[in-house]
Amino acid sequence: MKYTTTLLFVFLSFGIYAQENNISGEIKNSQNGLNLEYVNIGIANRNVGTVSNAKGNFTLKLNEKVSLNDTIVFSHIGFEPKKVLVSQLKSSHNIVAMIPSENILKEVVVSFKKPKSKQFGRSTKGLSLMHSNFFYAFDKTVDDYLSRERGMEFRIKKDCKVNDFNFNITSNDFKSVKFRLNFYKVENDLPSKILIEKDIIFEVKDNKLGLFTVDLKPYDIYLDKEMGDIAVTIQWIESIKTDEKSRFFSISTAVSVTENSFYRERNMSSWSKTGQNLTFYLNTMCQ
């Protein structure tokens with residue numbers, strides 16, 4: 001009876017800890033001590049995730065699903081993933097050091113004899129009657145958006161170089177939103193591993209509405225036909241509200257029986273797939 005009571009006390013205590021406390025700290029480069037911005041942080045299958053800010057600081061909100069034995073994963077392009085047990089971190093003032101990756105990417109040289117322009121995705125805005133929103137009804141603060149992703153599946157059948165990425169904004173209550181552009185391999189009908197090892201950060205300013213274009217030519221992104229189906233997503237990493245009521249940031253979309261969109265609420269949480277076709281596309285030059 002005493003043993004059972006002790007276990008119950010531990011579980012109840014951590015339940016209270018998870019609900020009333022967060023884990024916070026800063027993330028650094030282990031080699032030079034500099035803080036790392038926009039590091040992905042999350043716990044798999046617990047709907048717990050966030051992103052560090054521009055100064056490397058983070059706050060990870062825990063929930064009742066989290067246990068002391070769960071593993072927090074810190075990931076950033078160019079660095080080895082860092083895995084730490086929840087029990088190893090204090091509630092605040094944690095220092096997490098990440099080791100730069102030693103993997104050296106091979107230089108890719110592609111020559112197209114007679115390249116042709118090709119667009120992947122939907123460029124039409126339609127009637128703008130449907131919207132895919134980053135805001136959820138149960139979000140308490142804009143911090144709940146951190147690491148949230150939206151994107152589309154594209155079928156790659158040719159070797160192509162990417163010129164730019166585009167999407168259509170139908171509502172925007174923010175002075176500034178910073179996103180990360182991600183390219184994933186699609187396996188078992190869902191996004192899986194990262195394909196493009198480049199940290200592509202872009203900013204949408206001044207309540208911008210309508211078509212937004214990200215120039216990708218400086219990144220030298222090549223899509224190989226061997227990639228097959230890929231997912232291209234935008235991930236919310238930082239924002240500044242216009243006022244206290246700011247909530248909405250939406251992309252135009254339409255119902256589709258042939259196209260797939262993907263979304264996930266937090267970094268490391270499960271992906272979901274819907275039959276929607278976002279106004280979300282790539283302009284490329286293909287062989």
Side-chain angles (χ1 to χ4, degrees), residues 108-134 149-172 177-187 189-205 208-236 249-264 271 273-287:
V108 178
V109 178
V110 179
S111 59
F112 296 125
K113 294 182 179 179
K114 290 185 179 180
K116 295 182 180 180
S117 61
K118 180 173 178 58
Q119 188 178 95
F120 292 91
R122 173 179 179 252
S123 60
T124 59
K125 301 177 183 179
L127 299 176
S128 295
L129 298 177
M130 293 185 63
H131 316 273
S132 179
N133 198 1
F134 276 83
E149 289 186 70
R150 293 279 184 279
M152 287 294 300
E153 181 177 16
F154 299 138
R155 296 170 179 86
I156 309 302
K157 297 181 179 180
K158 298 182 178 181
D159 295 330
C160 305
K161 180 178 180 180
V162 183
N163 288 335
D164 54 61
F165 163 71
N166 309 266
F167 63 105
N168 185 55
I169 306 167
T170 53
S171 64
N172 182 3
V177 181
K178 286 186 178 180
F179 291 99
R180 176 184 282 120
L181 182 65
N182 292 315
F183 290 75
Y184 295 95
K185 173 70 175 175
V186 173
E187 297 178 305
D189 295 327
L190 293 173
S192 56
K193 64 180 180 181
I194 287 283
L195 286 172
I196 308 298
E197 292 288 329
K198 299 178 186 291
D199 202 23
I200 305 171
I201 307 295
F202 64 92
E203 183 178 12
V204 180
K205 298 180 180 179
K208 163 72 176 177
L209 294 174
L211 191 65
F212 188 89
T213 299
V214 182
D215 181 13
L216 296 179
K217 290 189 288 293
Y219 294 94
D220 290 328
I221 297 174
Y222 294 93
L223 302 178
D224 188 323
K225 61 185 177 183
E226 300 300 323
M227 289 179 176
D229 292 353
I230 69 170
V232 180
T233 72
I234 57 175
Q235 180 187 34
W236 190 291
F249 189 102
S250 305
I251 303 170
S252 56
T253 187
V255 175
S256 175
V257 295
T258 59
E259 306 299 326
N260 296 316
S261 71
F262 301 109
Y263 68 93
R264 63 176 172 180
W271 285 100
K273 181 174 71 172
T274 65
Q276 290 190 27
N277 198 359
L278 306 178
T279 303
F280 205 88
Y281 62 97
L282 299 171
N283 284 320
T284 69
M285 297 298 292
C286 300
Q287 188 168 354

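One is the number of the first residue; the rest follow in order along the sequence. The shown structure was predicted, so the numbers you read here are calculated from the model rather than taken from an experiment.
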Could you check whether any side-chain N or O of [X] sits under 3.5 Å from a backbone N or O of [Y], counting only pairs where one atom can act as donor and the other as acceptor?
X    : Y    : value
K125 : N168 : no
R150 : N133 : yes
S250 : T170 : no
T284 : K118 : yes

*asked:* Could you walk me through whether L181 and L216 satisfy the side-chain contact (heavy atoms from CB on, under 4.5 Å) test, starting with their C-alpha distance in whole Å, then the side-chain angles of each, then the deciding distance to 0.1 Å, before giving a yes or no?
replied: CA-CA 10 Å; L181 182 65; L216 296 179; 3.8 Å; yes
_Between Y184 and E149, do the side chains contain a donor N or O and an acceptor N or O under 3.5 Å apart?_
yes
*For K217, does the NZ atom sit with more than 12 other heavy atoms under 6.0 Å from it, leaving out its own atoms?*
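It does: K217 NZ has more than 12 such atoms within range.
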*In terms of heavy-atom contacts, does NZ of K185 have more than 12 from other residues, nucleotides or ligands at under 6.0 Å?*
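Yes.
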Measure the [atom1]-[atom2] distance between [X] and [Y] for me, rounded to the nearest 0.5 Å.
X    : Y    : atom1 : atom2 : result
K157 : F120 : NZ    : CZ    : 9.5 Å
D159 : Q287 : CG    : CD    : 6.0 Å
K205 : K178 : NZ    : NZ    : 8.5 Å
I221 : L282 : CD1   : CG    : 8.5 Å
I156 : L195 : CD1   : CG    : 9.5 Å
I201 : R180 : CD1   : CZ    : 4.5 Å

Go through the structure and list residues passing ring-ring contact (aromatic ring centres under 6.0 Å, His included) with [X], not counting sequence neighbours.
X    : value
F212 : F167, F202
W236 : F134, Y145, F174, F179, F249
F183 : none

*Worked verdict on I251 versus I234 for side-chain contact (heavy atoms from CB on, under 4.5 Å)*: CA-CA 11 Å; I251 303 170; I234 57 175; 3.9 Å; yes
Testing the basics here: between [X] and [Y], what is the closest heavy-atom pair and its distance to 0.1 Å?
X    : Y    : result
L278 : S132 : CD2-CB, 3.5 Å
N182 : Q235 : ND2-OE1, 3.6 Å
S192 : E187 : OG-OE1, 2.8 Å
S256 : N277 : CB-CB, 3.9 Å

*For D224, what residues pass the salt bridge (Lys or Arg N to Asp or Glu O under 4.0 Å) criterion, not counting sequence neighbours?*
none
*Looking at Q276, E259, R122, which one forms a side-chain contact (heavy atoms from CB on, under 4.5 Å) with M152?*
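One option only clears the test, and that one is E259.
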*Worked verdict on T233 versus W271 for side-chain contact (heavy atoms from CB on, under 4.5 Å)*: CA-CA 12 Å; T233 72; W271 285 100; 3.9 Å; yes
*All side-chain contact (heavy atoms from CB on, under 4.5 Å) counterparts of N166, not counting sequence neighbours*: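 N166 satisfies side-chain contact (heavy atoms from CB on, under 4.5 Å) with D164, L211, T213, Y281, N283 only.
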*Sequence-distant partners of S261, side-chain hydrogen bond (donor to acceptor under 3.5 Å, both in side chains), two or more places apart*: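 Listed in chain order: T274.
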*Evaluate the ring planes of F280 and F165, with Trp represented by its six-membered ring, and classify them as parallel (under 30°), tilted (30 to 60°) or perpendicular (over 60°).*
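Geometry flag for F165 against F280: perpendicular rings.
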*asked:* Whether E203 and K208 form a salt bridge (side-chain N of Lys/Arg under 4.0 Å from carboxylate O of Asp/Glu) is what I want to check.
replied: no
